[in-house]
Engineer: 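Quick one: the structure is below, questions incoming.
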There are 2 protein chains.
Amino acid sequence: MQKKNPEVNPEKLKAIVDAACYEFAKKGYDLASTNEITKAAGISKGLLFYYFESKQKLYNYLISLALKKLWDFHNKVDKNETDVFRYYEKMAQLQLELFKKSKSLLVFMGTIPKKEMSLLSKPLQDEVYKLLFSIQTLKDITNHPEKINLTLFRSDLDGFEILLIIDYAIKGYEAKLTKCMHSIDITETNFEEVMEDFRKFLQSLRKVFYKKERI
Amino acid sequence: MQKKNPEVNPEKLKAIVDAACYEFAKKGYDLASTNEITKAAGISKGLLFYYFESKQKLYNYLISLALKKLWDFHNKVDKNETDVFRYYEKMAQLQLELFKKSKSLLVFMGTIPKKEMSLLSKPLQDEVYKLLFSIQTLKDITNHPEKINLTLFRSDLDGFEILLIIDYAIKGYEAKLTKCMHSIDITETNFEEVMEDFRKFLQSLRKVFYKKERI
DNA sequence: TTTAAATTGACCAATATGGTCAAAGAGGTG
DNA sequence: CACCTCTTTGACCATATTGGTCAATTTAAA
């Protein structure tokens, strides 16, 4: 008599979100096909439009979900860490967790700034810009070198110069890793492996750039 | 009475090639629209199919063009340079020249390995794989460290470890640059600027990693 | 003017689009 | 069982786009 099922089936919703993220990321808003989304999600056409009344509403929903995840990430970053390498290690840990929990949304979000910005309402556009800029700033320590303890570096080298090199090196490492993670499927088990490898890389950087006695 | 024009108008051909490269790169083979290509190239639908009898033939033509450019690039690389930084500098010079001359083809080629491989004939697939692998190997000195003179590095550090860091750093620099070059339009004038910036970066790496007396 | 090649765009059948809706399914209550 | 409400389906719609064709026009040298 009264409604007993909770409006939406969370598993089907998840399936739709995942499928939609990949479809939008792959083809952009206009070319993304709701038929393909329903097929990939394993649900019927009708259900998609029962959950989301239009393609645009679905898109907006994905945006709001992604923004939430990214703000969470943003707020978890430890802004007081002064050791470059520990800063990057914590950052990597957060990013991996985010990737593990919300891979599809990350993939989706990665495509927003390039195109499709015009589909969003002006205030939403502003929020996206603000958030992405804010995260990018956090990820790039060369934007706030004063927060980093440069006295730990070998005294025969220029601290800021080293900071730049470290930042580029880590970006390069990240780029390689990202490429790898998109091709190979990441299982639960090899997440810790990835972190361990990264820690080794950081250790190697430490050995090269920190004062000898710090090792 | 007899044919006087050389079959195809080279400017229109160029326009088609450029437009097709971007369209295929953006949407992949299936979703790429010949209508969009002709519109972007500023020619009529009929002409496209007068030059290339089908979408597939056009695609194959782009592949063969791209392969040619990349083999040229591959063959120009100086495989005997033993100074890491000079190696990377020469490499960057070649890449910039290639980018300047064949930007659209590069963008197109960058999308091939991810998808669409199945559209190519088996031997063509093999060639693409071989070429891309070969170029990737050339671009990554950590694959052939024996070609590099490690004695130039500071003697208190492990040569191969430094090589890895340098390679990552340069990849990071490249990633940033690539992102920048896709958003901003590159004019003839700022090409030399880009090279000059990169040289400064290499100089900074030299200062950090080479023996003091080498500066 | 003639002639042959280059170029156009209206046109085609076929397919795919976002979205609808009547009907079937599911599962709790009496 | 019947009854009810909510969830789910997929055939169906008008519309737009697809790759490709071709008769007609433009171009320009002979």
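As the structure is a prediction and not an experimental result, all values here were calculated from the model. Every chain is numbered from 1, with letters handed out A, B, ... down the list of sequences.
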Engineer: What is the distance from CD1 of B:I43 to C1' of D:dT26, rounded to the nearest Å?
Structural biologist: 16 Å
Engineer: Which part of the nucleic acid, if any, lies within contact of A:Y51, taking any heavy atom under 4.0 Å across all strands shown: a base, the sugar-phosphate backbone alone, or nothing?
Structural biologist: sugar-phosphate
Engineer: Supply the atom-to-atom distance A:L13 CG to A:L65 CG, rounded to the nearest 0.5 angstrom.
Structural biologist: 8.0 Å
Engineer: Separation of B:N9 atom CG from D:dT26 atom P, in whole Å?
Structural biologist: 19 Å
Engineer: Measure the distance from CG on A:L48 to C1' on C:dG18 and round it to the nearest whole Å.
Structural biologist: 10 Å
Engineer: Determine, for A:D140 against A:K171, whether the closest basic-nitrogen to carboxylate-oxygen distance falls under 4.0 angstrom.
Structural biologist: yes
Engineer: When you check the phosphate oxygens OP1 and OP2 of C:dT17, does a side-chain N or O of A:S33 lie under 4.0 Å from one of them?
Structural biologist: yes
Engineer: How long is the span from the CZ atom in B:F52 to the CD1 atom in B:I37, to the nearest 0.5 Å?
Structural biologist: 10.0 Å
Engineer: I'd like to know if A:K68 pairs up with A:D72 as an ion pair, taking the criterion as any Lys NZ or Arg NE/NH1/NH2 lying under 4.0 Å from an Asp or Glu carboxylate oxygen.
Structural biologist: no
Engineer: Figure out the CG/P separation between A:L47 and C:dG18, and round it to whole Å.
Structural biologist: 17 Å
Engineer: Is B:Y51 reaching over with its side chain to a backbone N or O of B:N9, donor-acceptor style, under 3.5 angstrom?
Structural biologist: yes
Engineer: Could you go through A:S104 and A:D18, starting from their C-alpha distance and side-chain angles, then the distance that decides it, and tell me whether this counts as side chain to side chain donor-acceptor pair (under 3.5 Å)?
Structural biologist: CA-CA 6 Å; A:S104 64; A:D18 280 345; 2.6 Å; yes
Engineer: In whole Å, what is the span from the CG atom of B:N35 to the P atom of D:dT21?
Structural biologist: 14 Å
Engineer: At less than 4.0 Å, is any side-chain N or O atom of B:S44 found next to OP1 or OP2 of C:dT7? Yes or no.
Structural biologist: no
Engineer: Between A:I37 (CD1) and C:dA16 (C1'), how many Å, whole number?
Structural biologist: 14 Å
Engineer: In whole Å, I'd like the distance from the CD atom of B:E11 to the P atom of D:dT27.
Structural biologist: 16 Å
Engineer: Which comes earlier along DNA chain C counting from the 5' end, the contact point of B:L31 or that of B:G42, where each point is its nearest nucleotide?
Structural biologist: B:G42
Engineer: If you compare every side-chain N and O of A:Y50 against the phosphate oxygens of D:dT7 (OP1, OP2), does one of them come in below 4.0 Å?
Structural biologist: yes
Engineer: Between B:E174 and B:K139, is there a side-chain N and carboxylate O pair less than 4.0 Å apart?
Structural biologist: yes
Engineer: D:dA11 phosphate, OP1 or OP2: any side-chain N/O from A:K45 under 4.0 angstrom?
Structural biologist: no
Engineer: Would you mind reading off the distance between A:K55 atom NZ and C:dG19 atom P, rounded to a whole angstrom?
Structural biologist: 8 Å
Engineer: Polar atom pairs between nucleotides 22-25 of chain C and protein, under 3.5 Å, N or O only, would you list them?
Structural biologist:
none

